[in-house]
Protein chains: 4
Amino acid sequence: MAQTDTVTRILDTAEVLFAERGFAETSLRNITGKAKVNLAAVNYHFGSKKALIQAVFARYLDPFSERFHNAIDELEATYGEEVIPLEVLLETMARTVLEVPAERHSLKVFMRLLGLAYSQAQGHLRRYIQEQYGTVFTRFVELVRQATPELPDAERFWRLHFVLGTVIFTFSGLDALRDISEKDYGEHVSVRNLVKRMRPVVVAAMQAPLPDLDGQDTDKTVTVLTGAG
Amino acid sequence: MAQTDTVTRILDTAEVLFAERGFAETSLRNITGKAKVNLAAVNYHFGSKKALIQAVFARYLDPFSERFHNAIDELEATYGEEVIPLEVLLETMARTVLEVPAERHSLKVFMRLLGLAYSQAQGHLRRYIQEQYGTVFTRFVELVRQATPELPDAERFWRLHFVLGTVIFTFSGLDALRDISEKDYGEHVSVRNLVKRMRPVVVAAMQAPLPDLDGQDTDKTVTVLTGAG
Amino acid sequence: MAQTDTVTRILDTAEVLFAERGFAETSLRNITGKAKVNLAAVNYHFGSKKALIQAVFARYLDPFSERFHNAIDELEATYGEEVIPLEVLLETMARTVLEVPAERHSLKVFMRLLGLAYSQAQGHLRRYIQEQYGTVFTRFVELVRQATPELPDAERFWRLHFVLGTVIFTFSGLDALRDISEKDYGEHVSVRNLVKRMRPVVVAAMQAPLPDLDGQDTDKTVTVLTGAG
Amino acid sequence: MAQTDTVTRILDTAEVLFAERGFAETSLRNITGKAKVNLAAVNYHFGSKKALIQAVFARYLDPFSERFHNAIDELEATYGEEVIPLEVLLETMARTVLEVPAERHSLKVFMRLLGLAYSQAQGHLRRYIQEQYGTVFTRFVELVRQATPELPDAERFWRLHFVLGTVIFTFSGLDALRDISEKDYGEHVSVRNLVKRMRPVVVAAMQAPLPDLDGQDTDKTVTVLTGAG
DNA sequence: GATGAATGAGAGTTCATTCAT
DNA sequence: CATGAATGAACTCTCATTCAT
């Protein structure tokens, strides 16, 4: 009980502070001070700061991974030989992401952490996530491939990353963007509200017409976005 | 010359290290060591680490700001009373963004910095950028507003940031993504090629149908992306 | 034991160096180097250099404060309704001052510190001393008031500060003065000896005839000390 | 002119800052910044910080020394073979001290500096003052000796410094003390008024009965101020 | 099983001084 | 005659980690 208590208090405090300030800007003293546990407890229970960071992620990603595998299993059972539509895949992904922290933790924190994983990952975290949770994403990407047969593979690859950029950027800069939005439009947007706004944009992005890549890299005039200029 | 040399060497080194590791993870000793200047030189020339960070941004954003104002002036002169089409605005923005670092600096670094500005901004940087460069963005957003009268203001704000996320994420992680793309699809993509791929996606994202936000934050059933579920 | 040892060694060394050189001229490296403890130990045990300075004072002033309150309690019990004579008050004050460091620490160091408290106090120390030990001095001053009913309040205020100036100046410049005295008169004076020398001077100062303040601030000729010139 | 200007501005600023904060706590940057001169100017014009400190003192002590010598010359001419009375000597000293800063500088600053010279002197300053201005003080002390033949030499030395402490302490802390006095007693005291108050106190201090120094430093019973205890 | 004490490394910053121009 | 640039040394303080108990 005392141990569980300590470990949990550390994790609860760490995830909040990491989400607020980032990894480097959050010291173990910050965490143990706010959690009211001994400074040495982090190294005692987790071994190192890096291991603590990974543990914070694992507490979200382990259940996410499990649920998402289950959800895909169900989808495959339902659709059988049929192709699962893109929107259903996206919806399933989104629902799982939202479900995981709904129980005990904060969705906002989870999203900020995902953002940090990309923008602040010092290597060890990126590697850890890829090793631990790579398969579930691979499985998802394969289903997306079947759902978008009209897209060339390279095009699909880039579009998925365009969309990933939207999601990661939005959530990693969430606090800043929300501040501006609140100040300028008087609207407080919840994470759920943001996810709803993203839906049509993401779908439209994936289904946009193919680009005209003829003569690429040979034009001397820098006519970038519009064909005609 | 001596001064220019030292100041420039510090800025050149700092922007690369900041882009690679982030602000907190880059010490002044890292910077001055690599730049082969005295440790105290940073504080002598810039006053503090915070001021150095701002100076790194200013070196990109000052010329960007000037060029973009000029470009918009020209557009307004050309179109007169007419509304400037969205695609022309996006094309102008893209051209300016590409021009600035093209001369001496790296597009990738610029994009990484922009990403950091959102995800790592400790307040002082966010405030600085808003104060120094707010007007040019405001002007751009106002023109986008006229070009997309069908979008509610808040919706336009978020979609612009969704798109910004796509651009920054893609270009700031360019090297890694390019490696994967080359390995998996045998295609070497140039920046110009990538910009062409982005064009239809960005336009589609801005013109996607409006989301259904009814009952937001009150729904008990978590039906997120699809209306029907 | 280990802790007591480190804390005590830091305090012992700090008080000597502070007394010798002053606060600003004594670095934490000086202290920890001489005390043979780790540089970080000061911040670990005390939090900051300012807090260390305060702790050095507290180690003298806490017992002083307690003893002086007790001594005054005894005096009041002894004299009952009667007024406590001025000489007894001064004697009690002096005895308490001498007793405190007699046990373990150096009287000279204590005196130098008191001198520094006035001449070098950067604000935080003056505030700290006033907050922590103000009441005991207030109590003393009130008794002096009762012992010198013939003095107007303002006159008593100034004379107490005249005397304070004598004490503080002498002890804060102790080393310098002692050097000169030793060189010129071949006499090594102890602090105890000095206190004995001060006694008749202080008593005489407090009991000096009242000044003639008539026509003050109106004479044009600067005839300062003697009325006749 | 430019040079004179710079040197003067440095001296003017330095004396104020030194008096306010002490020597170690005042950096050359503080001084040159406030004086609006180049940082290197101090080293250029004075050679070092130590030399600047000495120059600050010289600007007060040089005219003081000259005037005081003149004043004593006049006294000796007037009194001839006769002994000059103590009160006349003190009056002369006081008048000279007040005259020097009266012209351009601040009495308070002068007094604070004198206080610092004793409490903060790191050696070089003490030596400098002794070398440069020792003779004038020696001459004064010799006259005091003739005026107080009943005092042992060492006793006279200490009493003069007791009195010096009163004067320096009072005038260097003048503003703070005056505030308290004004608040508590509703009296605004001028410098002239204070000097009048000091006169009987100083005279009484010099003429107080001799202390009983028997058994000094060997007494086991701590009977300090009163003979009887 | 848990913790107070301790530590080496390194952080940003400030310092008086020097030097080339 | 004067100064902007530069520097080596030292500053206080915080860091993640280790260890004896």
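Only heavy atoms go into these numbers, but all of them, side chains included; no hydrogens, no water, no symmetry mates. Just so it is clear: chains get the letters A, B, ... in the order the sequence lines come, proteins before strands, and each one is counted from 1. Bear in mind that the values here come from a model prediction, so they are computed numbers and not experimental data.
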Can you identify which nucleotide, out of [options], has its nearest atom closest to the [X] side chain?
X       : options                : answer
A:His45 : E:dA2, F:dA10, F:dT12  : E:dA2
B:Tyr44 : F:dA5, F:dT17, F:dC13  : F:dA5
C:Asn38 : E:dG8, E:dT17, E:dT3   : E:dG8
B:Ala40 : F:dG8, F:dG4, F:dC15   : F:dG8
A:Ser27 : E:dG12, F:dC11, F:dA16 : F:dA16
C:Thr6  : F:dG4, E:dA6, F:dA2    : E:dA6

- Message: Return whichever of A:Lys49 or B:Leu39 has its heavy-atom-nearest nucleotide of DNA chain F closer to the 5' end.
- Response: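 Final value for this comparison: B:Leu39.
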- Message: Wobble G-U and Watson-Crick pairs count when both distances are under 3.5 Å; given that, what is the 5' to 3' dot-bracket string of DNA chain E, with | for pairing to other strands?
- Response: .||||||||||||||||||||
- Only one of A:Leu39, A:Thr13, A:Thr6, A:Asn38 passes side chain to side chain contact (heavy atoms under 4.5 Å, CB included) with A:Thr32, and that residue is A:Leu39
- Under 4.0 Å between any heavy atoms, over every strand shown, what does D:Thr26 touch: base, sugar-phosphate, or nothing? Just pick one.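 Sugar-phosphate, no base atom in range.
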- Could you pull out all residues at least two apart from B:Asp62 that satisfy salt bridge (charged side-chain N to carboxylate O under 4.0 Å, His left out)?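 B:Asp62: no salt bridge (charged side-chain N to carboxylate O under 4.0 Å, His left out) contacts found.
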Spacing between [X] atom [atom1] and [N] atom [atom2], to the nearest angstrom:
X       : N      : atom1 : atom2 : result
B:Arg21 : E:dG10 : CZ    : P     : 13 Å
A:Leu17 : F:dC15 : CG    : P     : 12 Å
B:Ile31 : E:dT13 : CD1   : P     : 11 Å
D:Lys36 : F:dT3  : NZ    : C1'   : 18 Å

Going by heavy atoms in the side chains, are [X] and [Y] under 4.5 Å from each other?
X       : Y       : value
C:Val16 : C:Asp12 : no
D:Phe46 : D:Ile53 : no
A:Arg59 : A:Thr8  : yes

- Query: Relative to the 5' end of DNA chain E, which residue comes earlier, C:Val37 or B:Asn43, by the nucleotide with the nearest heavy atom?
  - Reply: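 Closest to the 5' end, via its nearest nucleotide, is C:Val37.
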- Message: So for atom CD, which belongs to C:Gln130, do other residues, nucleotides or ligands contribute more than 12 heavy atoms lying within a distance under 6.0 Å?
- Response: no
- Task: Answer yes or no: are there more than 12 heavy-atom neighbours, outside B:Glu66 itself, under 6.0 Å from its atom CD?
- Result: no
- Decide yes or no, distance alone: a donor-acceptor N/O pair under 3.5 angstrom between the base of E:dA16 and the side-chain of D:Arg29. yes
